Amino acid sequence: MSVTSPVIVALDFDNLDSALALADQIDSKSCRLKIGKEMFTRFGPEVIHALHRRNFELFLDLKFHDIPNTVAKAVTAAADLGVWMVNVHAGGGARMMEAAKLALECYGSTAPHLIAVTVLTSMDQSDLNGLGIQDTPSQHAAKLAHLAQSSGLGGVVCSAQEAVHFKQEFGKEFLLVTPGIRPVGSEQGDQRRIMTPIDAVNAGVDYMVIGRPITQSAAPEQTLQHILRSLEPTV
Ligand SMILES: O=C(O)c1cc(=O)[nH]c(=O)n1[C@@H]1O[C@H](COP(=O)(O)O)[C@@H](O)[C@H]1O
């Protein structure tokens, strides 16, 4: 199956039935789904199997950050689940990312995309300062993206605000996956570095992660289609 949509819907629910009910309202050809820490911790691999049975391609967003051996085993487990994409924290360092990359080599063309989280989109300058980091979020994200690329990873999770610069610096093939996407009129919530869907596409983003603006919408499929239409060329 090949999905051309750039939208990844973040399925963050504390109830499996509600999550599956939402998935059942959405066309698996119109988007991919992201399963993160909340759902995976509550429901485990069963949620992955249930969504695969519904033909969705899945981004398993567990942001692994541990010693190299543990992360290599964790991404292997993700590959065995058959997910489309998996991520680690670039802050885990080069040896950790290289071990993860190496662990997936035996999967060949069926290996999930392996990408690294740079600076979380919920973090701003004061959060970095609190960690003792004086770089701006963009500067720090660029350093981590560079480390991810030199460790052999296929892309990064970053803010869409970094996309133009990152595409120039890291090349067309290096995937940019951007949360913090907010259609005009939707609530910012805890996100800090945000952008609208069309601005993100114009900035060169490959995949945009959108959660609450779709999952909390009264009509999720309509909202998704509205976002997809907003991305169509107007000429
Ligand atoms: O890795 C992620 O997906 C991620 C990285 C990041 O920097 N910021 C971020 O918001 N996310 C995830 O993207 C989703 C965003 O959801 P909404 O804020 O509801 O659109 C959540 O599931 C977050 O865990």
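Because the structure is predicted, anything quoted here is derived from the model rather than measured. When a ligand or atom number is given, it counts from 1 through the structure's own listing order.
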Using modelled atom types and a 3.5 Å cut-off, is there a donor and acceptor pairing between side-chain atoms of [X] and backbone atoms of [Y]?
X: R193; Y: S138; value: no
X: D206; Y: L176; value: yes
X: T118; Y: V157; value: yes
X: E173; Y: G155; value: no

Exercise for review: Can you label the angle between the F174 ring and the F170 ring as parallel, tilted or perpendicular, going by 30° and 60°?
Suggested key: tilted
**Study point:** Shell of residues surrounding ligand 1, defined by a 4.0 angstrom heavy-atom cut-off that is strict
**Key:** A10, D12, K34, D61, K63, N87, L120, T121, V157, P179, R182, Q191, V209, I210, G211, R212, P213
Check your understanding: Do you see a donor-acceptor pair shorter than 3.5 Å between the side chains of H226 and Q222?
Key -> no
